[in-house]
Amino acid sequence: MTQTTAHIPNITEHQPANNDSPLAWRIWDDVQDYDVASAVARDTELGIEIANGAPATFRIWENAQALIVSRHDAIRPRFAKARQHMEQQGWPIVVRSTGGSAIPHRHGVLHLSMVLARSAAIALSLVDVYQMLCMPIQKVLYELGINSYFSSVQNAFCDGHYNLVTGGKKIAGTAQTWRSNIAQGKRGREGYILAHASLFVDVDSCEITDAVRQFYLMLGEDTQVKPGSIITVRDCLQAHNGSCNDSGSPLIKNIRSRLFSALTNQ
Amino acid sequence: MTEVHVPAGLWDTNTVPEGVVSAWYFDNDAAVEAGVVIAVIMVEKTEYDIEAPASGKLHILTETNGVVTPGSLIAQIET
């Protein structure tokens with residue numbers, strides 16, 4: 001059963017039809033107009049809400065142009081200078097709580113965040129969480145004729161074994177954080193798990209890769225990231241069909257709608 | 001003495017052989033309370049909080065940036 005709740009707009013509460021999972025999930029198509037930092041911070045706020053008893057949540061969202069870096073990047077000696085340089089280039093820097101390295105946000109990149117209480121996930125492994133996060137994305141891609149799988153990709157930015165990959169190229173990046181001691185007045189595992197995926201839907205691979213490379217060059221590291229390691233949904237559709245029929249609506253809107261349906265129907 | 005382990009089965013070592021202790025929030029021999037976050041493990045683009053399983057004096061066995069696998073003993077707490 002799916003129903004709209006009154007307290008948060010554009011959010012549904014959903015109990016999976018097969019009822020294998022005891023978790024009731026909120027599916028939130030978050031269209032709120034945030035600044036770039038607030039859009040990222042909303043995931044952490046959700047984590048705190050969920051650690052304190054709110055239902056587990058999938059959040060679909062987009063962000064304006066920014067480079068989202070990990071805390072590991074943010075403590076490097078040349079970070080302040082790199083940040084200033086990138087901001088002058090139109091790439092504000094936001095520090096996130098999940099692991100990995102820098103990843104670009106901008107229009108044409110669709111984000112899916114999955115947040116659940118650690119107390120509800122005692123038996124889960126990191127792999128389980130990546131699979132739960134990516135299953136609905138893989139379903140949407142499959143419907144479009146795009147077969148995706150987990151793999152690392154040489155020369156891809158923010159590389160990891162749990163990238164979503166098609167034809168040897170990265171189409172989505174993923175990361176997680178498992179936080180503890182978040183719930184008020186409680187200790188131990190009363191925290192949250194936040195897993196996040198960024199799906200490259202309709203974006204210039206060269207521009208976003210160059211932004212990441214520039215950032216690391218400013219930190220004193222030549223990462224050798226290459227745009228040919230990245231592929232977008234638009235690239236795939238054009239390769240399959242010879243053209244990309246948006247049916248009168250932008251591709252990102254189409255994919256967003258499909259992802260929402262995949263989540264509410266799983 | 002209470003042992004502090006990286007949870008067994010946290011990740012698949014066939015895919016990702018090892019992680020690292022990315023931070024300790026307390027110094028060696030510091031007093032810690034049960035349940036507080038004492039360390040962070042970094043593995044496969046995941047930051048994972050490790051809590052103190054008991055209150056007492058922390059004895060760090062794996063330093064920051066030290067390699068860990070699921071089940072690794074990383075500290076002991078003298079209760």
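Order of the sequence lines fixes the chain letters, A, B, ..., with proteins taken first and strands second; residue numbering starts at 1 for each chain.
- Taking both residues in full, the closest heavy atoms of A/H161 and B/T15 are given as NE2-O, 3.4 Å, listed atom of the first, atom of the second, then distance.
- Heavy-atom neighbours of A/Q154 CD from other residues, nucleotides or ligands within 6.0 Å: at or below the threshold of 12.
- Taking CD from A/Q176 and CD from B/E44, the interatomic distance works out to 9.0 Å, rounded to the nearest 0.5 Å.
- Separating the OG atom in A/S97 from the CD atom in B/E47 is a distance of 7.0 Å, to the nearest 0.5 Å.
- The nearest pair of heavy atoms linking A/S125 to B/G9 is CB-O, 3.3 Å.
- The candidate from A/G100, A/S70, A/S101 with the greatest count of non-hydrogen atom pairs under 4.5 Å with chain B is A/G100.
- Scanning for side-chain hydrogen bond (donor to acceptor under 3.5 Å, both in side chains) contacts around A/Q131 gives an empty result, with sequence neighbours left out.
- In this structure, B/K45 contributes its side chain and A/T98 its backbone to no donor-acceptor pair below 3.5 Å.
- With respect to B/T46, the side-chain contact (heavy atoms from CB on, under 4.5 Å) criterion is satisfied by exactly one of A/I193, A/T177, A/V129, A/L126: A/L126.
- Contacts of B/V43 with chain A are made by both backbone and side-chain atoms, with heavy-atom separations under 4.5 Å.
- Atom CG of B/D29 has more than 12 neighbouring heavy atoms from other residues, nucleotides or ligands inside a 6.0 Å radius.
- The candidate from B/L10, B/D49, B/I50, B/I41 with the greatest count of non-hydrogen atom pairs under 4.5 Å with chain A is B/D49.
- Within the 4.5 angstrom heavy-atom criterion, no atom of A/D128 approaches chain B.
- Of the two parts of A/Y130, only the side chain, counted from C-beta on, holds a non-hydrogen atom closer than 4.5 Å to a non-hydrogen atom of chain B.
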